[in-house]
Amino acid sequence: MIIMKKALIYGVLSSLFFAFTFIFNRSMHLSGGYWMWGACLRYLFLLPLLIAAFSYPLGNRKMMQHCPVFLNTVQRVFGMTLSSMPFWLITAAAAFLRSGLPSRGQLLQSFAVALFSGVIATILFFHATDLVKENPRQLAVIEATQCGEVIFTLIGGILVLGDRIPEPLGFSGLLLIIGGMILNSFL
C-alpha cells in the first residue's frame, strides 16, 4: 500500500507539471506565436536539456513491455524521445518554411514546457507507473491521475493568464473529474 501511495503522489505531481504545457501553449498563442513552433520546439529542447520524452500511457506501457528490465525510467524516456525526433525535425522545418524563426518568447516558453512537462512530469509519471506496473488496476489508477491536468491547468490559467473562473456548470464538471479520480482510487 505504501508503494501505491507513493505512485499516486508521483502521478498527481506529474499532472501538475504536465499542466504547464497547456498554460505555456496558451500564453504562446495569446502572444501570436506560430503553433507549429510551439508543437516541435519542446521536443527538440528535450535531448540537449536532459534525456526526456513525450509521454502517452500507451507508449509508456509498450516501453515497459518491450524494454529490457534493466532499463530505468530515464533510459525509457530517452528511448521515446529519440524515436520521435525525426517527426519533430520535419515539423520544425515546416514551421520555418511557413513562418520563419520562432520569437525569443516562444523559444523560452517552449524550453519551459520541455523542462516541466518533458523532463519533470514525464519522469515522475514513468516512475509512478513503474512502481505499480505489475498490477493492472493500480496502473490504471496512476494513469487516471493525469486528469488532474484539467484542474491544474484551470487554476494556472486563472492565476497566470487571467482566465475567467468557470460558471457553475464548469464547476460541476470539475467535481465530476475529482469525484471520478477519488472513486477510481478506491475501486
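Being a predicted model, the structure only gives us computed values, none of them experimental.
Of the possible donor and acceptor atoms, one in the side chain of Gln146 sits under 3.5 Å from a partner among the backbone N and O of Gly11. Judged by distance alone, the side chain of Ser110 and the main-chain N or O of Leu107 form no donor-acceptor pair under 3.5 Å.
For the atom pair Leu41 CG and Gln109 CD, the distance stands at 11.0 Å (nearest 0.5 Å). Once rounded to the nearest 0.5 Å, the distance linking OG of Ser27 with CZ of Phe22 reads 15.0 Å. The line from CG of Asp130 to CD1 of Ile3 is 11.0 Å long, rounded to the nearest 0.5 Å. The CE atom of Met4 sits 10.0 Å away from the CG atom of Leu131 when rounded to the nearest 0.5 Å. Residue Leu161 holds its CG atom at 9.5 Å from CZ of Phe24, rounded to the nearest 0.5 Å. Here the straight-line distance linking atom CZ of Arg137 with atom CD1 of Ile142 works out to 10.0 Å at 0.5 Å rounding.
When all heavy atoms of Cys147 and Ile177 are compared, the pair lying nearest together is SG-CG2, 3.8 Å. Closest non-hydrogen pair, Cys40 versus Ala92, comes out as SG-CA, 3.5 Å. Shortest non-hydrogen contact noted between Ala128 and Ala7 is CB-O, 3.3 Å.
Cluster annotation: Ile90 and Met85 are assigned to distinct hydrophobic clusters (Ile/Leu/Val/Met/Phe/Trp/Tyr, side-chain heavy-atom contacts under 4.5 Å, transitive). Under a hydrophobic-cluster definition in which Ile, Leu, Val, Met, Phe, Trp and Tyr are linked whenever side-chain heavy atoms come within less than 4.5 Å, directly or via other members, Phe111 and Met36 are assigned to the same cluster. Residues Leu108 and Met28 are members of separate hydrophobic clusters, defined by side-chain heavy-atom contacts under 4.5 angstrom among Ile, Leu, Val, Met, Phe, Trp and Tyr. There is a path of hydrophobic side-chain contacts, each under 4.5 Å, that joins Leu82 to Phe87.
Listed by first and then second residue, the side-chain hydrogen bond (donor to acceptor under 3.5 Å, both in side chains) pairs that reach into residues 89-108 are Trp37-Ser99, sequence neighbours excluded. Residues in residues 157-172 take part in these side-chain hydrogen bond (donor to acceptor under 3.5 Å, both in side chains) pairs, two or more places apart or across chains: Arg26-Asp163, Arg164-Glu167.
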What's the verdict on side chain to side chain contact (heavy atoms under 4.5 Å, CB included) for Ile165 and Phe171, showing C-alpha distance, side-chain angles and the deciding distance? CA-CA 9 Å; Ile165 294 175; Phe171 270 117; 3.7 Å; yes
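Other residues, nucleotides and ligands contribute over 12 non-hydrogen atoms within 6.0 Å of the CG atom of Leu159. By the neighbour-count criterion of 12 heavy atoms within 6.0 Å, atom CZ of Phe96 is sparsely surrounded, having that number or fewer from other residues, nucleotides or ligands. Around the CG atom of Leu97, the shell of radius 6.0 Å holds more than 12 heavy atoms that belong to other residues, nucleotides or ligands.
Side-chain contact between Phe17 and Val119 is absent, with no heavy atoms from C-beta onward closer than 4.5 Å. Taking the side chain as every heavy atom from C-beta outward, Leu13 and Ile9 approach each other to under 4.5 Å. Contact check for Phe20 versus Ser117: no side-chain heavy atoms found under the 4.5 Å cut-off. Using a 4.5 Å cut-off on side-chain heavy atoms (C-beta onward), Pro166 and Ile158 make contact.
Relative ring orientation between Phe18 and Phe125 is described as perpendicular, the plane-to-plane angle rising above 60° on a 0-90° scale split at 30° and 60°.
For the 3.5 Å distance criterion, the side chains of Glu143 and Thr129 fail to qualify, holding no donor opposite an acceptor.
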